[in-house]
Amino acid sequence: MCGIIGYTGKSPCKNILLSGLYALEYRGYDSAGMALLDNKGFTIIKSRGEVSRLEEKMRAFHAPESSCGIAHTRWATHGEPGERNAHPHVVGKTALVHNGIIENFKEIHELLLSKGYVFASETDTEAAAALIDLYYSETGEPLSALSLACEKLCGSFAFAVMFEDREGELYGVRVGSPLLIGAGDGESLLASDTAAFPANIDRYIAMEDGGISRIFRDGFQLFDMSLSEIKANEQPLTQISRNTHKDGYEHFMRKEIHEEAAAVLKTLAAYIKNGLPDFSASGVDTSILKRLSSLHIAACGTAMHAGLFAKFLIEKFLRIPVFAEVASEFRYKEPIFEENTALLVISQSGETADTLAALRLAKERGIYSIAVVNVPSSSIAREADAVIYTHAGREVSVASTKAYTVQTALLSLFALHLGLLRGNICESEAQKFCFSLSRELPEKIDEVIAREDEVRALCLSLSQKESAFFIGRGVDAHICAEGALKLKEVSYINAQAYPAGELKHGTISLICKGLPVIAVSTQLSTAEKTAANIREVAARGADVYLVAPADFPQDGAKYIFSLPKATEPLLPILAATVTQLLAYHAALLRGCNVDKPRNLAKSVTVE
Ligand code: F6R
């Protein structure tokens, strides 16, 4: 979603801001803009489309050498993605960039119209800028103006603000959307993500939710909404937390798929001790886990597919019901929480608005919460009772790949941990499974990746189609759901996933000659049943792409990717890597912008 970067310091900042915007591009955006402040006032430059267009425009225009500025990549929510709606928005003495949504902006708009403000854009952001400006003109004091404005605004937002008569000062507001402060020697920054900070910035502070910050060249202050000063929790900025390099790969998506084995290895190593699962590092309360009589899971998109995978395993190992629901539904449905239950939320970014809302809802109801998160210090990581980190490293590609693979591996280990804790699984069985997950799985993932050319070959035909089906049974149905999502989002092929047995209850009417059906079959117990479904669609002319172990039935399949020999519970995870490569190569062959699919944003911080 929108990206924010702001700078005040000893150096001219337009190139620092531009580099920050380039680093934030992965979040998804459709316009960009910058406000520079010097003793002559604001200079505003905006452009529709790519940051490179903004850069060209700035060069042609000879933007001033100011050392204080804010910049933004906008993912349109209110109003079309043109220059008029691009940020920064300037009203009176206030310049503002914003990530999030102001829910009551119409009401604010009306209030401000009555005070004589006129609006140049269709955005909610301009209304917020005007409100802050109103209070600034009344109080003459930035912190009071921001605090008064926040009292009136509803929604989820992060702001970076400058006031025309306060050169060298930046102000940050965080209400529900992430905002970080970067601290260096004689320079300070505000950004949505550590990736946007220049290499010489070595410390960062994740602003507290409901916090305001004042940023100077030589430091910063943090306040709560009543303007009491609060203590900063500084963290070192590591290379991993800002790594946004492709390291010789053409695309982040491919690079990240290639990092899967290492990421699984690193993550599982953090939760295995003496050959057995050990989640003590997560702070999870074992006595609660032992008592669980049900579990709820909430997440969005790919993370939800990892949640469905976890549901399958936990139900199998524990024989307790697991209710998995997309967070955007969960948060509004008044979920029924049984006694001795808990909520597991899964999120790569740790900032997804709906998942965060689901977590908060459960907490309000006194339900114990466990989060599986990739980004340290993210909102979900900070608010959950216990956090199980995936150590997948930074995921830049909008389409999630390595985060999903690591989530499925880690959740398999967590399910095993639960099974062992509650005596459903014996220690020797657990040891064997731990070994398979931590040693065998990374090796086999690399074996699959080494055969990438085979997957690419399958895409020569697939990439020419406009729609496809994915079919699988049991846990494979969840791998199919994720495979279909990946194919849709990066290649724009309309892919639908079905439990294989469900197809003939209606959708089979769409099967026709040459229609691609990707069948995932990894479990011996359902292999024959899936084979029957493959024959049904093949008999109606479908081109079946089979992803299965070499010794599974293959009748009816036109194209085959044989999975390496591996312990059965690992096979679905390996099949997922195959479907990720399938989506990547299909998208590439179709000339799509793989890392930045249209309309999508990496971290969905609005609902
Ligand atoms: C798809 C994808 C999204 C995310 C979803 C949740 O490839 O990446 O579906 O999985 O937006 O994001 P996180 O995991 O950051 O909560």
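Keep in mind that the numbers below use all heavy atoms, side chains included, and drop hydrogens, waters and symmetry copies. It should be emphasised that the depicted structure is a prediction, and the values quoted were computed from it without experimental measurement. We count ligands from 1, going down the list as the structure has it; atoms in each ligand are counted the same way.
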I'd like to know if the side chain of S400 pairs up with that of K486 as donor and acceptor (distance under 3.5 Å, no hydrogens or angles considered). no
Return yes if a side-chain donor-acceptor contact under 3.5 Å exists between S491 and Y584, otherwise no. no
Numbering the atoms of ligand 1 from 1, which are under 4.0 Å from a heavy atom of [X]?
X: K486; result: 1 (C), 7 (O)
X: A303; result: 10 (O), 14 (O)
X: A399; result: 7 (O)
X: V398; result: 7 (O), 8 (O)

Partner of F159 under ring-ring contact (aromatic ring centres under 6.0 Å, His included), picked from H98, H87, H72, is H98
Give the residue and atom name of whichever protein heavy atom lies nearest to [atom], and the separation in Å to one decimal.
atom: atom 15 (O) of ligand 1; value: S349 OG, 2.6 Å
atom: atom 11 (O) of ligand 1; value: V604 CG2, 4.0 Å
atom: atom 6 (C) of ligand 1; value: C300 O, 3.3 Å
atom: atom 3 (C) of ligand 1; value: T302 N, 4.0 Å
atom: atom 7 (O) of ligand 1; value: E489 OE2, 2.3 Å
atom: atom 12 (O) of ligand 1; value: T352 OG1, 3.4 Å
atom: atom 14 (O) of ligand 1; value: Q348 N, 2.7 Å

For residues 581-601, pull every pair meeting salt bridge (charged side-chain N to carboxylate O under 4.0 Å, His left out), keeping only residues two or more places apart or in separate chains. E25-K596, E466-R590
I'd like to know if [X] and [Y] make a salt bridge, using a cut-off of under 4.0 Å between side-chain N and carboxylate O.
X: E315; Y: K311; answer: yes
X: K246; Y: E250; answer: no
X: R394; Y: E256; answer: no

Does at least one non-hydrogen atom of V375 fall below 4.0 angstrom from an atom of ligand 1? no
Consider ligand 1: state whether an atom of it lies below 4.0 angstrom from any non-hydrogen atom of M304. no
Among S347, A327, S400, G301, closest by any non-hydrogen atom to atom 8 (O) of ligand 1: S400
Taking the six-membered ring for Trp, are Y271 and H391 parallel (under 30°), tilted (30 to 60°) or perpendicular (over 60°)? parallel
Is I205 close to N233 at the side-chain level, that is, under 4.5 Å between some pair of heavy atoms? no
